[in-house]
Visitor: 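Handing you this structure, nothing more for now.
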Amino acid sequence: PSESTRSTQRTVLLRIQAQPDSCRQPLRKNTIAAGERRWESAFPVSFSDKIRPIRFVFYFIDNTLTGCFPEHTVQLMKKGLGKIERLLFAYVQMRGLRTVRAGELLRPLHLSALQERKVLSRLAKAGWIARVQRGLYLVPQTLPLGGKWTPNEAAALNTLMKEHNGRYQLSGPNAFNYYGFDEQIPVRLYAYNNRLSGDWKIGAVDMTLIKVADSRLGETTTVPAPDGYTTVYASRVRTLVDAVYDWSRFGGTPRAYDWI
């Protein structure tokens, strides 16, 4: 609020964190249009070291959101998001979701299939979420600063492989750099796998997927990655074998013989 404003009303969407029963405080409920509900609570909030009465409107998705609201749980949504987009991110954060599928938001957000398809497409094009494939999207755990977000490499690759029930292992330039054979940092992922072939892009993550027989997978090293994911690399020995076997793809010779 401006300096001259004594009180105002602000709409916020928040993630309710688990609180002990002893701190639960009933809030007045009101039913509004479209089957939505909200809680209203008036309490002082500090702005620029001044206490002013602010009325917050807490939207909730289902009937399980009860409890008190410590100051740190209130997260104002970024400007530029419409009502449906704000509800979507509130639902995602509240549920702790990493992916959203087509059809998953129809019931909790009271959307039609057309509305859901448009909002997911709009957010993907704007860079708020990342399209994995048709009907499947990776979503951020928290709203990104500046409004742009992309999943990390491990999240993108693992989500895609899990969707196709496949196995993978990074090799080629990624493994060359990881094991210290080559100092050049690759700008895309090269993944042997048993399901998909071709170039893929998820958010800002570029991938070259190389489909091989199951017998060519194995001999791996698992490395922890951000956000609880793991990245699977070909082992050091397997990486050298791949460098020779796929010399034309990775430019492995004569370097591979020097590495061996």
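All values reported here derive from a predicted model rather than from experimental measurement. All values below were derived from every heavy atom in this structure, side-chain atoms included, with hydrogens, water molecules and symmetry-related copies excluded.
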Visitor: Which atom pair, heavy atoms only, marks the closest approach of Ala175 to Tyr233?
Guide: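 Looking at all heavy atoms of both residues, the closest pair is CA-CD2, 4.1 Å.
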Visitor: Is it the case that atom NZ in Lys118 sees more than 12 heavy atoms from other parts of the structure closer than 6.0 Å?
Guide: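 No, not enclosed.
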Visitor: Indicate yes or no: at least one non-hydrogen side-chain atom of Tyr91 is less than 4.5 angstrom from one of Val100.
Guide: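 Side chain of Tyr91 against side chain of Val100, heavy atoms only: no contact under 4.5 Å found.
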Visitor: First locate atom CG of Leu120, then atom CD1 of Ile84, and finally report the distance between them rounded to the nearest 0.5 Å.
Guide: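 Reported value, rounded in 0.5 Å steps: 10.5 Å.
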Visitor: Quick test of your reading of the model: are Arg101 and Glu116 salt-bridged, counting only N-O distances below 4.0 Å?
Guide: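 Here Arg101 does not pair with Glu116 in a salt bridge, since their nearest N and O are not under 4.0 Å apart.
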Visitor: Whether the side chain of Gln169 engages the backbone of Gly218 through a donor-acceptor N/O pair (distance < 3.5 Å, no angle test) should be reported.
Guide: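 Side chain of Gln169 to backbone of Gly218, a donor-acceptor pair under 3.5 Å: yes, one is there.
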Visitor: Apply side-chain contact (heavy atoms from CB on, under 4.5 Å) to Asn193 and Val212, showing your working.
Guide: CA-CA 6 Å; Asn193 73 97; Val212 297; over 6 Å; no
Visitor: Would you say the side chain of Arg107 lies within less than 4.5 Å of the side chain of His110, judging by non-hydrogen atoms?
Guide: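 When only atoms from C-beta onward are counted, Arg107 and His110 do not touch, as no gap falls below 4.5 Å.
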Visitor: Backbone N or O of Asp227 within a donor-acceptor pair of the Arg98 side chain at under 3.5 Å?
Guide: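 Confirmed, Arg98 side chain pairs with Asp227 backbone.
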Visitor: In the single-linkage hydrophobic clustering (I, L, V, M, F, W, Y; side-chain heavy atoms under 4.5 Å), do Tyr137 and Met161 co-cluster?
Guide: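 No: no chain of side-chain contacts under 4.5 Å links Tyr137 to Met161.
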Visitor: Do the side chain of Glu85 and the main chain of Gly82 share a donor and acceptor less than 3.5 angstrom apart?
Guide: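 Side chain of Glu85 to backbone of Gly82, a donor-acceptor pair under 3.5 Å: yes, one is there.
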Visitor: State the OG1-CZ distance between Thr253 and Arg255, to the nearest 0.5 angstrom.
Guide: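 Reported to 0.5 Å precision, the distance equals 9.0 Å.
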Visitor: With the side chain counted from C-beta on, respond yes when Thr230 and Val223 share a heavy-atom pair under 4.5 Å apart, and no when they do not.
Guide: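 The answer is no, as the side chains (C-beta and beyond) never meet within the 4.5 Å cut-off.
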Visitor: Within the 3.5 Å criterion, strictly below it, is a donor on Asp214 or Asn194 matched to an acceptor on the partner's side chain?
Guide: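 Judged by distance alone, the side chains do pair up.
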Visitor: At their closest point, which heavy atom of Leu157 faces which heavy atom of Ala191, and how far apart are they?
Guide: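 So the minimum-distance heavy-atom pair works out to CD2-CB, 4.2 Å.
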Visitor: Flag yes if Val241 and Ile260 sit in one hydrophobic cluster, no otherwise; membership is Ile, Leu, Val, Met, Phe, Trp, Tyr, and two members link when side-chain heavy atoms are under 4.5 Å apart.
Guide: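 In one cluster with Val241: Ile260, no.
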Visitor: Going by distance alone, is a donor N or O of one side chain under 3.5 Å from an acceptor N or O of the other, for Tyr179 and Asn174?
Guide: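 There is no such pair (donor and acceptor under 3.5 Å, judged by atom type) between the side chains of Tyr179 and Asn174.
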Visitor: Do the side chains of Leu109 and Leu136 join up, straight or via other hydrophobic residues, at under 4.5 Å, putting them in one cluster?
Guide: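 Per the 4.5 Å side-chain linkage, Leu109 and Leu136 are not co-clustered.
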Visitor: Gln133 and Glu163: side-chain contact (heavy atoms from CB on, under 4.5 Å), yes or no, with the steps?
Guide: CA-CA 9 Å; Gln133 62 179 36; Glu163 180 66 14; 3.4 Å; yes
Visitor: When rounded to the nearest 0.5 angstrom, what distance separates CG in Asp206 from CG in Asp199?
Guide: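 Taking CG in Asp206 and CG in Asp199, the distance rounds to 8.0 Å.
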Visitor: side-chain contact (heavy atoms from CB on, under 4.5 Å) between Thr150 and Ile202: does it pass, once the steps are laid out?
Guide: CA-CA 8 Å; Thr150 185; Ile202 300 176; over 6 Å; no
Visitor: Using the rule that Ile, Leu, Val, Met, Phe, Trp and Tyr join whenever any side-chain heavy atoms are under 4.5 Å apart, tell me whether Val132 and Leu105 fall into a single cluster.
Guide: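 No, separate clusters.
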Visitor: Output the distance between atom OH (Tyr245) and atom CZ (Arg238), rounded to the nearest 0.5 Å.
Guide: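 Separation between the atoms: 9.0 Å.
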Visitor: Using modelled atom types and a 3.5 Å cut-off, is there a donor and acceptor pairing between side-chain atoms of Gln115 and backbone atoms of Ser112?
Guide: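 Yes: the side chain of Gln115 pairs with the backbone of Ser112.
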Visitor: Could you go through the side-chain contact (heavy atoms from CB on, under 4.5 Å) check for Leu81 and Leu123 one step at a time?
Guide: CA-CA 9 Å; Leu81 291 177; Leu123 288 172; 4.2 Å; yes
Visitor: Is a side-chain donor or acceptor of Tyr168 paired with a backbone partner of Val232 at a separation under 3.5 angstrom?
Guide: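 Yes; at least one donor-acceptor contact below 3.5 Å.
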Visitor: Please answer whether the main-chain N or O of Arg117 pairs with a side-chain N or O of Ser121 as donor and acceptor at a distance below 3.5 Å.
Guide: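 Not confirmed, Ser121 side chain does not pair with Arg117 backbone.
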Visitor: Would you find a donor on one side and an acceptor on the other, under 3.5 Å apart, between the side chain of Arg195 and the backbone of His164?
Guide: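 Here the side-chain-to-backbone pair exists.
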Visitor: As an exercise, state the distance from CD1 of Ile129 to CG of Leu88, rounded to the nearest 0.5 Å.
Guide: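 Between atom CD1 of Ile129 and atom CG of Leu88 there are 6.5 Å.
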Visitor: Taking atom CD of Glu219 as the centre, report whether more than 12 heavy atoms of other residues, nucleotides or ligands fall under 6.0 Å from it.
Guide: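 Incorrect, the count does not exceed 12.
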Visitor: Does any part of the side chain of Tyr229, heavy atoms only, come nearer than 4.5 Å to the side chain of Thr159, both counted from C-beta?
Guide: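 Sidechains of Tyr229 and Thr159: in contact.
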Visitor: Looking at Gln141 and Leu97, would you say the former's side chain and the latter's main chain have a donor-acceptor pair under 3.5 Å?
Guide: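 Such a contact is found between Gln141 side chain and Leu97 backbone.
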Visitor: Determine yes or no for a side-chain-to-main-chain donor-acceptor pair under 3.5 angstrom, with Asn158 supplying the side chain and Ala154 the backbone.
Guide: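 A pair under 3.5 Å: yes.
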Visitor: Quick one: does Thr99's side chain have a donor or acceptor within less than 3.5 Å of a partner on Leu138's backbone?
Guide: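 No: the side chain of Thr99 does not pair with the backbone of Leu138.
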Visitor: Step by step, would you call Asp242 with Arg216 a salt bridge (Lys or Arg N to Asp or Glu O under 4.0 Å)?
Guide: CA-CA 9 Å; Asp242 291 338; Arg216 288 199 59 192; 3.5 Å; yes
Visitor: Tell me whether Leu160 shares a hydrophobic cluster with Trp149, the cluster being built from Ile, Leu, Val, Met, Phe, Trp, Tyr side chains joined at under 4.5 Å.
Guide: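 Yes.
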Visitor: What are the two closest heavy atoms between Asn177 and Glu183, and how far apart are they?
Guide: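 Closest approach of Asn177 to Glu183: ND2-O, 3.5 Å.
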Visitor: How many angstroms lie between CZ in Arg236 and OH in Tyr178, if you round to the nearest 0.5 Å?
Guide: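 Arg236 atom CZ to Tyr178 atom OH measures 9.0 Å (nearest 0.5 Å).
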Visitor: Hey, what's the ring geometry for Phe89 with Trp128, parallel, tilted or perpendicular (30° and 60° as the breaks)?
Guide: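 The arrangement is tilted - the two ring planes meet at 30° to 60°.
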Visitor: CD1 of Ile185: more than 12 outside heavy atoms within 6.0 angstrom?
Guide: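 12 or below, so no.
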Visitor: A quick test of your reading: do over 12 heavy atoms of other residues, nucleotides or ligands sit less than 6.0 Å from CH2 of Trp247?
Guide: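 12 or below, so no.
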Visitor: Check Gly203 against Pro151 and note the closest heavy-atom contact, atom names and distance.
Guide: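 So the minimum-distance heavy-atom pair works out to CA-CD, 4.2 Å.
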